[in-house]
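Report on the structure given below.
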There are 2 protein chains.
Amino acid sequence: MVRKITMAELARRAGVDVSTVSRALNGSPLVKKPTKKLIMELAKETGYVVNATARDLRKQTNQMLGIVIPLSSESDQSISDPFFLEMVGAVSHAASEQGYDLIISTPKDNNQIAERNLLLTGRAEGLIVIGQAGRTNRLNEAGLADKNIIVWGGETGDHDYTLVGSDNFNGGRLATEHLLSLGRKRILFVGETTLPEVALRFEGFRAAHNDRNCTTDDALILPVNFGGQTAYDSLRKFVASNKEFDAIFAASDVLAIACIQALQSLGKSVPKDISVVGYDNVGLARLTTPALTTVDQNIERGGKIMVDLLIKKIRGDSIQSQVVETSLIVRRSSIPE
Amino acid sequence: MVRKITMAELARRAGVDVSTVSRALNGSPLVKKPTKKLIMELAKETGYVVNATARDLRKQTNQMLGIVIPLSSESDQSISDPFFLEMVGAVSHAASEQGYDLIISTPKDNNQIAERNLLLTGRAEGLIVIGQAGRTNRLNEAGLADKNIIVWGGETGDHDYTLVGSDNFNGGRLATEHLLSLGRKRILFVGETTLPEVALRFEGFRAAHNDRNCTTDDALILPVNFGGQTAYDSLRKFVASNKEFDAIFAASDVLAIACIQALQSLGKSVPKDISVVGYDNVGLARLTTPALTTVDQNIERGGKIMVDLLIKKIRGDSIQSQVVETSLIVRRSSIPE
DNA sequence: TTTGCTGTTGCAATCGTTTGTATTTTATTT
DNA sequence: AAATAAAATACAAACGATTGCAACAGCAAA
């Protein structure tokens, strides 16, 4: 490997001090025009590029954000869940628009390490954490809550960190209302209600029933984590148990799609026999057959909000938790004709 | 913000020199047990964490890889294409297994800048570039080809960089053979044959025809870029033109799914009327209705190969371009009963 | 010619580590 | 107890930039 050229080398060649080179390269008005030009040319000629590490050390800053996706084994959700990936894409977009680069970290259950590493070592100036992954107090305990961190997730009431998330309660309510208004009576809730976000969606589910003086049946809860395969198997088993239901509200699109698959595999028609509504509105929801009715988490917007908030925080402004509006996207999977 | 504690501060409190602190924290055998213990405790107590930037500068290394996804406007492919996102996930996984963090960069058409920034400034020790995005010689021109770079893409013959990619020719051949063996006669090729990867798949497509002494019909090419919506519209228009065909081989899963949608919207049945085969085997291919027959790019494996190669290169070993085997995943979308 | 500007440049400290070498302390041997 | 070896620690120089301040040039005014 060719030894990389440094500023000192450039200075030597130009016959000036490194400070002059530095100023020239940074467009300082302190440098005379011809000198500046000479240095610029020399830099281009030699292919000089500033050493980011050195600059960062001196300036005590680096335009870096971190995103960590803690995949707890309990949620069984994987990095390949389109929701995560789309969120990474959205955050990446937003960050690059603000001139920040993004470090992505996907630890596997070894709790705080990733957050600590990225943030405290100063590799990133701020951190975005996607999902509480069932360990709500992890950040509190790590003493990281007051740092430059934004968490995407569901409101739990007992956190110290800044939280951004969709309006899970309202989302659940909208979806359920939709199904009830379609004349569906017995709606199966598919999702792990111990996870904060899912719990809120479930509350919205109940609220919608109450609004219409409908009752919910505790037998109509299928507690599955975020893994698609588990949902598929569980639902088939559930159907075999002959409990009656005419609609499904699933806590994620992946879950919903798995449910549709399971139903179709048993000869049931969606949406004729059973209406299905999902949650997230990932890109592929539009592409399933039938296209999936779902609650839009507005991933692109959520990512942007998180990045903007985080950068504000980094700059020293005070910021507040924020809720991203959700809306129902009605497609074919719920409409029985 | 609380001033961050430094090694010097720690040394002061422990009453030793910073060099001793450094060695203690790094587990050097040069420091006495009790001293080490004292320093460790002090570090834990004060929440000290090493400053990564300083360490990187001194050690002339940082455990960082970069991944850049150049989204040329011509390909109309976006970061939200599940293939890209899954690749990011796979690379992230592989990198973290090797103790590397990953910087993700998604420039929008401003060519070399991202590569230069990441690699030459030393922010990343190596770079993975996903897709040549139609600008095959970009890297060659940027004089980056001999650097620590791995490109994911299709073999073009005239590149200087290390290339990893699926066996596009064989993939195209496999898919086509499958359709022909099913008795399909007029297969529509959907994809932009000017892109290197697609061109190779198309060659495989022709080769399979030749193998069976079938002819290909140039009218049966639908040149669409990677955008799903365009494919949907184009195919509907194509069908309206009444050219006869009984199968589709699409250059990506997103394209294939869009085609299925378009066909269904026109009342055609997949796979009864028309067999469809995709390319990529993204996660959602299994979840469509009917499930998608597709060529497996083996994304997880490809990502791992790239990371492993790249790290070898960084270590100074010499490496070579590599082809990832492809295989056909047969699902329902192609089998007419 | 001297004084005083203004505009350029150089000097040197600094950011927070790591690491080769010198120096001190402790243990071992005679 | 003195000499010597071994173990533990301190010193100081890097790494490659940025930046406050001092120094020096050239030029105009006195």
Side-chain angles (χ1 to χ4, degrees), chain A residues 1-40 42-43 46-64 116-125, chain B residues 1-40 42-43 46-64 117 119-125:
Chain A
M1 179 111 53
V2 196
R3 221 184 68 69
K4 248 191 200 144
I5 186 166
T6 121
M7 226 173 206
E9 172 68 10
L10 220 55
R12 202 184 53 70
R13 296 207 200 181
V16 298
D17 189 79
V18 302
S19 56
T20 304
V21 175
S22 172
R23 284 191 255 261
L25 259 26
N26 287 300
S28 156
L30 286 182
V31 180
K32 198 158 55 164
K33 278 267 173 62
T35 321
K36 193 179 288 189
K37 193 164 159 244
L38 169 67
I39 295 175
M40 290 297 209
L42 223 42
T46 56
Y48 170 81
V49 189
V50 68
N51 179 315
T53 311
R55 175 164 24 74
D56 290 348
L57 176 60
R58 174 60 225 246
K59 301 188 80 167
Q60 297 288 72
T61 162
N62 60 17
Q63 299 277 98
M64 290 270 175
R116 287 184 66 80
N117 272 357
L118 274 179
L119 192 58
L120 298 185
T121 63
R123 255 204 219 295
E125 296 183 25
Chain B
M1 178 108 56
V2 196
R3 220 183 69 68
K4 251 197 198 136
I5 185 166
T6 122
M7 230 174 205
E9 172 69 8
L10 221 54
R12 202 185 54 69
R13 296 207 199 181
V16 299
D17 189 80
V18 301
S19 58
T20 304
V21 175
S22 171
R23 284 192 250 261
L25 261 25
N26 288 300
S28 158
L30 285 183
V31 19
K32 200 160 48 166
K33 280 267 171 63
T35 323
K36 193 179 287 186
K37 194 165 158 244
L38 169 67
I39 294 175
M40 290 298 208
L42 224 44
T46 54
Y48 170 80
V49 188
V50 65
N51 178 316
T53 312
R55 173 158 34 67
D56 291 348
L57 175 59
R58 173 60 226 243
K59 302 188 78 166
Q60 295 290 76
T61 163
N62 58 17
Q63 299 277 96
M64 291 268 176
N117 273 357
L119 192 59
L120 298 185
T121 63
R123 256 204 218 296
E125 296 184 24

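Below, chains carry the letters A, B, ... as their sequence lines are ordered, and counting in each starts from 1.
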Between [X] and [N], is there a contact of a side-chain N or O with OP1 or OP2 at under 4.0 Å?
X	N	result
A:Y48	D:dA17	yes
B:T6	C:dC15	no
B:Q60	D:dG16	yes

If you take atom types as modelled and just measure distance, does the side chain of A:R58 reach the base of C:dT14 with a donor-acceptor pair under 3.5 Å? yes
Atom pair distance, as rounded to whole Å: [atom1] in [X] and [atom2] in [N]:
X	N	atom1	atom2	value
A:L57	C:dA13	CG	C1'	13 Å
B:K4	C:dC15	NZ	P	15 Å
A:K33	C:dT6	NZ	P	20 Å
A:R123	C:dC15	CZ	C1'	17 Å
A:I39	C:dG10	CD1	P	9 Å
A:N51	C:dT17	CG	C1'	14 Å
B:D56	C:dC15	CG	P	18 Å
B:K36	D:dT9	NZ	P	10 Å

Among D:dG16, C:dT9, D:dA8, which nucleotide has an atom closest to any side-chain atom of B:T35? D:dA8
Only one of A:D56, A:N51, A:T53 passes side chain to side chain donor-acceptor pair (under 3.5 Å) with B:R123, and that residue is A:D56
Which heavy-atom pair separates [X] from [Y] by the least distance, and what is that distance?
X	Y	answer
B:I39	B:A14	CG1-CB, 4.3 Å
A:Y48	A:T6	CE1-C, 3.7 Å
A:L57	A:Q60	O-OE1, 3.0 Å

Does anything in residues 15-36 of chain A form a salt bridge (charged side-chain N to carboxylate O under 4.0 Å, His left out)? List the pairs, not counting sequence neighbours. none
Does B:R13 have any salt bridge (Lys or Arg N to Asp or Glu O under 4.0 Å) partners at least two apart in sequence or in another chain, and if so, which? B:E9
Contact list for DNA chain D against residues 15-30 of chain A - heavy-atom distance below 4.0 Å: A:S19, A:S22, A:R23, A:N26
Do A:T35 and A:V16 have side chains that get closer than 4.5 Å, going by heavy atoms? yes
If you look at every strand shown and take non-hydrogen atoms under 4.0 Å, does B:T53 touch a base, only sugar-phosphate, or nothing? nothing
